[in-house]
Each structure stands twice: as C-alpha cells, then as structure tokens.
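First up is the structure itself, then whatever we jot down about it.
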Amino acid sequence: MFNRRDRVAEGDISTVALRKLVQKLDARQPLTDEYEARTAAAGRNSNGNQKAHLDGWLGEYGSPGYYGRKSPSNSGKAFYNHFRCAPGLMWLAEGLGEDPVVLRQAIARVDGAFGNPSSEAAAFRAVVPWSRIVELVEASKSR
C-alpha cells in the first residue's frame, strides 16, 4: 500500500501516505460520532466531520498552511503528536480498527481532561500512542 517515499523514518509514515489512508476510511465512526454528539449537546464545539478535518490538515501539513507553520513536516508521527483535536485522533484510530474497549478507555481519559484541546489530545494519545496507529496501519494492509 505504501512505497518507499511514503516512509519518513522507521516507525513513521509520511503525511501523504496517511492522508491517502484517511481518504479511504468511512466518514462515520460510531464511537467518535457518539462522543461528538454528547459533547455538542453539552455546548462544546464539534467539527462534525473528522474525515474532512484530518484530510485538510494532512493536505497542508508539509507547508506553512493556515497556521503559518515555521517548520512544516512530512512526518505522520509529528502530525499525530501535535494535532490538538481528540475527536480527530479518535476517528483515525476507530477507522483503522482500534478495539472499541480501548477506544472507550481513551474517551474516558479525554472526558477527564476538562475541555482543554491540548490536554484532551494528550489524554487520548496516552491510551492510543503513535506506535499503535502504525500497528493498525500495518494490520490494515492485510485486509
């Protein structure tokens, strides 16, 4: 599924390859949708379409982009570890086939992060780190 130029370093995937994968995933992911509906009902802003959200971010991550990045990157790992949207990370993991039990544990951690986007994303990554995303991507190659 990925060729040599899509690899950035051992344990990493280029943002180009990650974006191609995101584009193949189903936009609707039940646990992510449930989480976003619950948080929207509580008055929190919701992107509502995490597939489009990640596709947009990954599409410009190698450039200064909307936020004027000073150090654009082609590293999926850097993207994942700096992305400040827990529902987007949730959607990616769920779309790649993460175990629902693990996702529910991650969601519980996000709920305990008190509404700060950086803290919520960090809480999610504490349960589903980048290394797990790589495992899920590798497993998706055999499906």
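Just so you know, these numbers use all the heavy atoms, side chains as well, and skip hydrogens, waters and symmetry mates. Just so it is clear, the model here is predicted, and its values are computed rather than measured.
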Distance-only donor-acceptor hits, side chain of residues 122-131, under 3.5 Å, sequence neighbours excluded:
from   : atom 1 : to    : atom 2 : distance (Å)
Arg125 : NH1    : Tyr80 : O      : 3.1
Arg125 : NH1    : Phe83 : O      : 3.0
Trp130 : NE1    : Gly11 : O      : 2.7

What pairs of donor and acceptor atoms, side-chain ones from residues 89-97 against any protein atom, are under 3.5 angstrom apart with sequence neighbours left out?
from  : atom 1 : to    : atom 2 : distance (Å)
Trp91 : NE1    : Asp26 : O      : 3.3
Trp91 : NE1    : Ala27 : O      : 3.0
Glu94 : OE1    : Leu31 : N      : 3.4
Glu94 : OE1    : Thr32 : N      : 2.8
Glu94 : OE1    : Thr32 : OG1    : 2.7
Glu94 : OE2    : Leu31 : N      : 2.8

Drop me the distance from [X]'s [atom1] to [Y]'s [atom2], to the nearest 0.5 angstrom.
X: Arg84; Y: Ser119; atom1: CZ; atom2: OG; result: 9.0 Å
X: Gln105; Y: Asp99; atom1: CD; atom2: CG; result: 8.0 Å
X: Leu58; Y: Leu18; atom1: CG; atom2: CG; result: 5.0 Å
X: His82; Y: Ser118; atom1: NE2; atom2: OG; result: 10.5 Å

Would you find a donor on one side and an acceptor on the other, under 3.5 Å apart, between the side chain of Lys51 and the backbone of Arg28?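 No; zero donor-acceptor contacts below 3.5 Å.
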
Check this for me: does any side-chain nitrogen of one of Arg38 and Asp33 sit under 4.0 Å from a carboxylate oxygen of the other?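 Asp33 and Arg38: not salt-bridged.
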
Report the C-alpha distance between Thr39 and Glu120 in whole Å, list the side-chain angles of each, state the deciding distance to 0.1 Å, and finish with yes or no for side-chain contact (heavy atoms from CB on, under 4.5 Å). CA-CA 13 Å; Thr39 57; Glu120 289 176 348; over 6 Å; no

Assess, by modelled atom type and distance only, whether the side chains of Gln50 and Glu36 contain a donor and an acceptor separated by less than 3.5 Å.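 A pair is found: one side chain offers a donor N or O, the other an acceptor, under 3.5 Å apart.
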
Trace of the salt bridge (charged side-chain N to carboxylate O under 4.0 Å, His left out) decision for Lys77 with Glu10: CA-CA 11 Å; Lys77 181 178 182 178; Glu10 187 63 34; over 6 Å; no

His53 versus Cys85, closest heavy-atom pair with distance: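 In this case the closest contact between His53 and Cys85 is CE1-SG, 3.6 Å.
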
Within the structure provided, determine whether Glu34 and Arg104 are in side-chain contact (heavy-atom separation under 4.5 Å).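 Yes. Closest side-chain heavy atoms under 4.5 Å.
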
Of all residues at least two apart in sequence or in a different chain, which pass the side-chain hydrogen bond (donor to acceptor under 3.5 Å, both in side chains) check with Asp55?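 By the side-chain hydrogen bond (donor to acceptor under 3.5 Å, both in side chains) rule, Asp55 matches Arg19, Gln23.
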
Verdict with reasoning, Trp57 to Thr15, per side-chain contact (heavy atoms from CB on, under 4.5 Å): CA-CA 9 Å; Trp57 265 86; Thr15 54; over 6 Å; no

